[in-house]
Amino acid sequence: MNNKLLAIGTMAFDEIITPTMESGKVLGGAATYIGLAASYADAEIGVVSVIGADFPEKYLNLLTSRGIDVSGVERVTDGKSFYWKGKYYDNMNKRDTLDTQLNVLAAFNPTVPKRFLDASVVMLGNLDPNVQHKVLDQLTPNKDRIVLLDTMNFWMDSQLAPLKNVIKQVDVITINDEEAIQLSGESNLVTAAKTIHNMGPKYVIIKKGEHGALLFYKDHPFYAPALPLEQVIDPTGAGDSFAGGLSGYLATQQEVSAEVLKEGILRGTAAASLCVGAMGTKGLEVSDKEAFLQQLKKLNRLRTIA
Ligand code: AMP
């Protein structure tokens, strides 16, 4: 492993409505959350994404200030950035997408910066599976490489065949419970995990929001609870933060085993807990490495009474 994480995903304008707040247009996107969350690990991180003329430079500077290489972020000077609007209900467990505008994502042809072509860890964050595929095609061979993939129902509905094609090539898939059911066509999570495992990934991680995450590997599922929180302000980006915390950690390891993955899941869970404590990316923006390590400590203490 060479300590390099290549992350791809959307960089976006989001509008989020919760039962008590409306965000207005704020910074969002899978790659943004992944990058910020991964930056708690001491890995070299490069992001590949696409933005329009409207995307403020200060958002790119935010990523740069966390040590993230943004040379793989293409700006389309006559286009608009990806836009997503979502609304949460009552206890924040249910979310509806109100609007998705692909804009510059629709014609995106990604270019992986030279420095990250040999990355040992590749996090294919949520975006068009055809773009995920084009990124994999550019990489130079690396026998130790671990490829992770995250996706959502939007791409299952619109690009199922290309999505299944990419899934064949990945080692780890992170997916939420509803999406696992949709992708597999099963009605039970254990059988869903088996079916998805048969599609390619050796490790299947099913996220269950406030109920934690399950890792399916061989016949022994591993369960990592989420950190019980007094207040969830906005769950947007929790899944991407989980992916960032996990993949950033994997990039710092000598090799990836089930044990390393379990620790990575705890790191992903810790990052997600910081994300949901504030609106949009703010929870990650205001939390430094110390805050991240505190969450990790709390997670490790969950099973003891002191
Ligand atoms: P999460 O809450 O982890 O599912 O991620 C929410 C983020 O995903 C938001 O910041 C959105 O900009 C982004 N997003 C929403 N829909 C899509 C989509 N279809 N493809 C890629 N990213 C998306």
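As the structure lists them, so they are numbered: ligands from 1, and atoms in each ligand from 1. Atoms considered below: every heavy atom in the structure, side chains included; atoms not considered: hydrogens, waters and symmetry mates.
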Roughly how far, to the nearest 0.5 Å, is the OG1 atom of Thr151 from the CG atom of Asn126?
5.0 Å
Does at least one non-hydrogen atom of Tyr83 fall below 4.0 angstrom from an atom of ligand 1?
no
Under 4.0 angstrom from ligand 1, any heavy atom of Phe82?
yes
Which protein non-hydrogen atom lies closest to atom 20 (N) of ligand 1, naming both residue and atom, and how far is it?
Trp155 NE1, 2.9 Å
Mark up the atoms of ligand 1 that fall under 4.0 Å of a heavy atom belonging to Ala12, in ascending order.
12 (O)
Evaluate the ring planes of Phe292 and Tyr40, with Trp represented by its six-membered ring, and classify them as parallel (under 30°), tilted (30 to 60°) or perpendicular (over 60°).
parallel
Please confirm whether Tyr33 comes within less than 3.5 Å of ligand 1 when only nitrogen or oxygen atoms on both sides are compared.
no
Are Met156 and Ile181 connected, step by step, through hydrophobic side chains (Ile, Leu, Val, Met, Phe, Trp, Tyr) whose heavy atoms are closer than 4.5 Å?
yes
Identify, by atom number and element, the atoms of ligand 1 in contact range of Gly28, meaning under 4.0 Å from any of its heavy atoms.
10 (O)
Please indicate whether any nitrogen or oxygen in Gly29 is less than 3.5 Å from any nitrogen or oxygen in ligand 1.
yes
Using a 4.0 Å cutoff against the non-hydrogen atoms of Phe154, which atoms of ligand 1 qualify?
19 (N)
Distance (rounded to the nearest 0.5 Å) between Lys25 NZ and Glu15 CD:
7.5 Å
For ligand 1, which part of Ala238 has a heavy atom less than 4.0 Å away: the side chain, the backbone, both, or neither?
backbone
Steps toward side-chain contact (heavy atoms from CB on, under 4.5 Å) verdict (Arg75, Phe55)
CA-CA 8 Å; Arg75 187 186 285 278; Phe55 201 81; 3.9 Å; yes
List the closest protein heavy-atom neighbour of atom 22 (N) of ligand 1: residue, atom name, distance to the nearest 0.1 Å.
Thr10 OG1, 3.0 Å
Ligand 1-proximal atoms of Asp240, by part, heavy-atom distance under 4.0 Å
both
Please check if any side-chain donor atom of Glu178 sits under 3.5 Å from a side-chain acceptor atom of Asn153, or the reverse.
no
For Lys134, is the NZ atom crowded, meaning more than 12 foreign heavy atoms sit under 6.0 Å from it?
yes
Checking the side chain of Tyr203 only, and the main-chain atoms of Thr174 only, is there a donor and an acceptor separated by less than 3.5 Å?
no
Using a 4.0 Å heavy-atom cut-off, which part of Arg95 comes near ligand 1: side chain, backbone, both, or neither?
side chain
Answer with side chain, backbone, both or neither: which part of Asn126 has a heavy atom less than 4.0 angstrom from an atom of ligand 1?
both
How about Asp96 and Tyr89: does a side-chain donor come under 3.5 Å of a side-chain acceptor?
yes
Just checking Lys164: does its NZ atom have more than 12 heavy atoms from other residues, nucleotides or ligands closer to it than 6.0 angstrom?
no
Can you tell me which residue and heavy atom of the protein come closest to atom 10 (O) of ligand 1, and the distance to 0.1 Å?
Asp14 OD2, 2.4 Å
What do you reckon, does Gly239 have a nitrogen or oxygen under 3.5 Å from a nitrogen or oxygen of ligand 1?
yes
Under 3.5 Å between some N or O of ligand 1 and some N or O of Thr236?
no
Chi angles and distances behind the side-chain contact (heavy atoms from CB on, under 4.5 Å) call for Ile175, Ile205:
CA-CA 6 Å; Ile175 190 165; Ile205 299 173; over 6 Å; no
Regarding ligand 1, does Leu127 bring an N or O atom to under 3.5 Å of one of the ligand's N or O atoms?
no
